[in-house]
Amino acid sequence: MIDRTATSPAYRGIVLAMLLLVYTFNFLDRQILGILAGPIKAELGLTDTQLGALGGIAFALLYSTLAIPLALLADRTSRTWVITVSLAIWSGFTALCGMAGSFAQMFLFRIGVGVGEAGGVAPSYAVISDYFPAHQRARALSIYSLGIPLGSAGGVLLGGYIAQTVEWRTAFIVVGVLGLLIAPFFRLIVREPVRPIQTASTAPVSAVFGILAGKWSFWLLALGAACSSLCGYGVAFWLPSLLIRSFGLDLIGAGQFLGALLLVGGTAGVLLGGWLGDRLGGRDKAFYAWVPAVSYVVGMPLFVTGVLSGSVTLAFVLFLIPQALVYVWLGPVLTAVQHLVPAHMRASASASFLLINNLVGLGLGSWAVGALSDALTPAFGAEALRYAIVAALGFYLLAGLFMALAGRALRRDWVSA
């Protein structure tokens with residue numbers, strides 16, 4: 001193990017870059033299903049509801065629930081080993097998705113992807129907090145969170161291109177094998193950081209839950225993020241299908257549209273959130289929640305207008321700003337969660353936060369939009385998906401309300417370390 005104070009800024013940058021690479025593959029493997037939904041639906045004979053279940057509950061069921069025991073294991077043993085093994089597991093199951101011959105098989109393989117990814121995120125948050133001092137954590141966590149737009153963009157670009165030029169099965173196999181190749185290099189490069197002597201090994205899960213359960217800020221942040229993620233994951237999964245069904249794009253065109261949107265808007269939003277979190281949150285801890293609250297409320301109507309537009313060019317322009325704004329929450333909120341408990345409980349606290357966020361957001365988002373699309377099809381035909389997405393976007397307003405209420409509670413609940 002190594003001491004944060006004994007490491008150079010250059011090595012911290014290398015650690016952050018490796019964690020970012022792993023997180024990029026986390027989202028690449030997670031989101032590639034969205035761009036491949038069309039050919040998978042056609043070959044396996046699925047409904048929108050079944051596709052939504054593959055993108056949501058199949059992945060989120062064990063991803064959310066196993067995150068807590070794996071985070072506890074990481075807190076008590078080696079965070080870097082837990083991340084390494086998790087990367088290998090989710091990459092292997094991603095490759096297996098390319099061999100699925102039915103809905104049941106694909107459902108089981110997506111559960112496997114979720115099992116692997118359960119051990120990747122919360123320990124990574126804790127490693128970053130161990131390596132970086134408090135005044136740099138929002139920026140460091142926002143850089144790490146670039147894995148979301150980068151991985152999502154890579155999934156739609158690479159998946160769309162391979163699926164249209166070769167076949168959808170090859171796309172799963174390629175990205176899965178690449179993740180397996182990265183795993184040993186991550187373990188060799190990233191050293192385990194030293195942790196406080198008060199000892200991660202003796203902190204029972206009941207102690208972590210007990211601290212968090214008594215803090216209103218935790219519940220408001222978690223519910224706000226869950227509402228945001230329900231909308232965010234639901235829209236992200238179904239937007240490729242909307243572009244194909246309602247805007248007339250092919251797989252490659254939809255991939256290019258979304259890839260550019262995520263790389264420009266998503267990257268800008270994540271970095272902006274980290275910068276604002278460190279700058280404003282240093283003056284008043286409430287801004288760690290208030291910055292996301294404003295972003296959600298401003299971005300939602302622009303998203304709705306873009307979805308209802310009939311022009312690909314206009315839709316891209318209208319999506320660009322809200323795509324940035326809905327990613328602003330990552331750096332500030334993830335930093336705030338790290339500061340609700342003592343340092344040796346950080347991975348477990350993050351996993352508790354992710355449990356709520358992912359069970360609601362990831363578990364229900366894509367399924368709810370797909371089910372609503374099926375329900376609206378008799379009335380709206382091919383345009384049913386468009387109106388299902390518009391309905392889901394309303395959850396951004398609810399997310400903004402929860403975040404606005406969380407600000408004052410953060411002032412009281414913050415733990416400095």
Side-chain angles (χ1 to χ4, degrees), residues 25-67 69-70 85-120 152 155-156 158-160 162-164 166-177 179-180 229-230 233-234 236-241 244-245 251 355 358-375 377 384-385 388:
F25 270 84
N26 181 305
F27 263 81
L28 195 158
D29 293 357
R30 187 186 308 189
Q31 296 297 101
I32 193 173
L33 185 65
I35 191 68
L36 302 178
I40 292 172
K41 178 179 181 178
E43 183 171 331
L44 301 185
L46 307 182
T47 64
D48 281 354
T49 304
Q50 288 176 311
L51 277 173
L54 291 176
I57 195 63
F59 178 88
L61 186 62
L62 291 181
Y63 172 73
S64 302
T65 53
L66 283 180
L70 289 176
V85 173
S86 297
L87 170 61
I89 292 172
W90 88 59
S91 298
F93 274 103
T94 297
L96 285 174
C97 287
M99 304 176 188
S102 66
F103 171 75
Q105 288 180 353
M106 181 67 83
F107 193 92
L108 289 174
F109 293 151
R110 292 297 292 177
I111 288 177
V113 176
V115 168
E117 293 195 11
S152 299
V156 296
L158 185 62
I162 294 176
Q164 186 152 314
V166 187
E167 62 169 353
W168 65 267
R169 296 180 182 277
T170 304
F172 280 116
I173 294 170
V174 168
V175 299
V177 170
L180 287 169
S229 295
L230 188 150
Y233 281 119
F237 183 86
W238 286 108
L239 205 50
S241 296
I244 292 168
R245 296 181 193 181
L251 278 172
L355 172 66
N358 290 321
L359 273 180
V360 176
L362 182 55
L364 298 179
S366 60
W367 172 83
V369 174
L372 185 56
S373 175
D374 281 339
T377 296
L385 181 58

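Sequence positions, counted from 1, serve as the residue numbers for this chain.
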request  = Determine, step by step, whether Leu54 and Leu46 satisfy the side-chain contact (heavy atoms from CB on, under 4.5 Å) criterion, reporting the C-alpha distance in whole Å, the side-chain angles of both residues, the deciding distance to 0.1 Å, and the verdict.
outcome  = CA-CA 10 Å; Leu54 291 176; Leu46 307 182; 3.8 Å; yes

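Using cut-offs of 30° and 60° on the angle between ring planes, the pair Phe172 and Trp168 is perpendicular.
Of all the heavy atoms in Arg245 and Ser373, the pair that sits closest is NH1-OG, 4.2 Å. Nearest approach of Ser91 to Gly179, heavy atoms of both residues: OG-CA, 3.3 Å. Taking every heavy atom of both residues into account, Ile32 and Asp29 meet most closely at CG2-O, 3.6 Å. Listed here is the closest heavy atom pair of Arg169 and Met99: NH1-C, 3.4 Å. The heavy-atom pair separating Trp238 from Ser366 by the smallest distance is NE1-O, 2.8 Å. Ser241 and Leu385 make their closest contact through CB-CD2, 3.8 Å (heavy atoms, listed as atom of the first residue, atom of the second, distance).
Judged purely by atom type and a 3.5 angstrom limit, Arg110 has no side-chain atom pairing as donor or acceptor with the backbone of Phe93.
Heavy atoms from other residues, nucleotides or ligands lying under 6.0 Å from CH2 of Trp367 number 12 at most.
To the nearest 0.5 angstrom, Asp374 atom CG is 3.5 Å from Thr49 atom OG1. The line from OG1 of Thr94 to CD1 of Ile89 is 11.5 Å long, rounded to the nearest 0.5 Å. For the atom pair CD of Glu43 and CE of Met106, the computed distance is 9.0 Å after rounding to the nearest 0.5 Å.
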Distance-only check: which donor-acceptor pairs under 3.5 Å involve side-chain atoms of residues 33-41, not counting sequence neighbours?
from, atom 1, to, atom 2, distance (Å)
Lys41, NZ, Asp48, OD1, 3.0

